[in-house]
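Working notes, structure below.
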Amino acid sequence: MRVVVDVMLKPEILDPQGQAIAAALPRMGFTGVRDVRAGKHFELEVDAEVSEQTIHQIADTLLANPVIEDFTITTQPASDPVRPA
């Protein structure tokens, strides 16, 4: 089973990477993008017996900093191809 953990800064936290990307887009000729928030995307291949609680603990203690970041967890069958975010 594939578990996908997406980590984003909380909305109230300043996102300098997102701001840098947003500032670069018009210079590169891309228009119409009002805001960019940058985050992290993790894909974990896990055995079927790994519980949702364990995945949540991994995300909460290792993949994300819960003080400044939120995360979402989704599961996919392992046979699904890896899709870029």
Side-chain angles (χ1 to χ4, degrees):
M1 174 174 62
R2 177 176 298 126
V3 176
V4 176
V5 180
D6 289 306
V7 179
M8 297 294 295
L9 288 169
K10 291 183 176 182
E12 64 272 18
I13 302 296
L14 181 66
D15 180 1
Q17 184 179 14
Q19 288 180 339
I21 294 168
L25 289 173
R27 291 192 308 267
M28 298 176 68
F30 298 104
T31 60
V33 179
R34 290 182 280 155
D35 191 25
V36 176
R37 299 287 289 177
K40 298 178 278 187
H41 178 87
F42 300 94
E43 295 182 355
L44 293 78
E45 297 289 336
V46 301
D47 294 334
E49 64 267 11
V50 176
S51 71
E52 286 185 34
Q53 180 182 5
T54 298
I55 299 299
H56 191 275
Q57 287 175 325
I58 291 169
D60 197 42
T61 58
L62 181 63
L63 304 180
N65 177 346
V67 174
I68 62 169
E69 296 173 320
D70 293 323
F71 61 86
T72 58
I73 299 171
T74 56
T75 59
Q76 303 171 347
S79 60
D80 283 0
V82 175
R83 286 177 266 155

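The shown structure was predicted, so the numbers you read here are calculated from the model rather than taken from an experiment. For the single chain, residues carry numbers from 1 onward in sequence order.
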Exercise for the section: Apply side-chain hydrogen bond (donor to acceptor under 3.5 Å, both in side chains) to S51 and list each qualifying residue two or more places apart in sequence or on a separate chain. Expected result: T54
Fill in the blank from the handout: NE2 of H41 to CE of M8, rounded to nearest 0.5 Å, is 12.5 Å
Practice task
Can you see which heavy atom on M1 is nearest to which on V50, and at what distance?
Solution key: CE-O, 4.4 Å
Exercise for the section: State, to 0.1 Å, how close A22 and P26 come at their nearest heavy-atom pair, and which atoms those are. Expected result: O-CD, 3.1 Å
Practice task
Look at atom CD of Q17 and say whether more than 12 heavy atoms of other residues, nucleotides or ligands are closer to it than 6.0 Å.
Solution key: no
Handout entry: pair L63-L44: side-chain heavy atoms closer than 4.5 Å
Key = yes
Completion exercise
Applying side-chain contact (heavy atoms from CB on, under 4.5 Å) to R34 and not counting sequence neighbours gives none
Fill in the blank from the handout: Value for CD1 (I13) from CG (D70), rounded to nearest 0.5 Å, stands at 9.5 Å
Handout entry: Same apolar cluster: V46 and F71, side chain cutoff 4.5 Å
Key = yes
Exercise for the section: Apply side-chain hydrogen bond (donor to acceptor under 3.5 Å, both in side chains) to K40 and list each qualifying residue two or more places apart in sequence or on a separate chain. Expected result: E69
Exercise for the section: Return the minimal non-hydrogen interatomic distance between A38 and D15, and the atom names on each side. Expected result: N-OD2, 2.7 Å
Handout entry: Within one Ile-Leu-Val-Met-Phe-Trp-Tyr cluster: V3 and L62, side-chain cutoff 4.5 Å
Key = yes
Completion exercise
For residues 47-56, the salt bridge (Lys or Arg N to Asp or Glu O under 4.0 Å) pairs (sequence neighbours left out) are none
Completion exercise
Closest non-hydrogen atoms of L14 and Q19, given as atom of the first, atom of the second and distance, are CD1-NE2, 3.2 Å
Practice task
Find out if a path of hydrophobic residues (ILVMFWY) with successive side-chain heavy-atom gaps under 4.5 Å connects I73 to L9.
Solution key: no
Practice task
Output every pair passing ring pair (Phe, Tyr, Trp, His ring centres under 6.0 Å) with a member in residues 15-39, not counting sequence neighbours, ordered by first then second residue.
Solution key: none
Practice task
Could I get the full list of side-chain contact (heavy atoms from CB on, under 4.5 Å) partners for A20, not counting sequence neighbours?
Solution key: none
Problem - Sidechain-backbone polar pair: D6 side chain, T72 backbone, donor-acceptor under 3.5 Å - result: no
Practice task
Apply side chain to side chain contact (heavy atoms under 4.5 Å, CB included) to K10 and I68, showing your working.
Solution key: CA-CA 6 Å; K10 291 183 176 182; I68 62 169; 5.7 Å; no
Practice task
Give, for atom CD1 of I58 and atom CZ of F42, the distance between the pair rounded to the nearest 0.5 Å.
Solution key: 11.5 Å
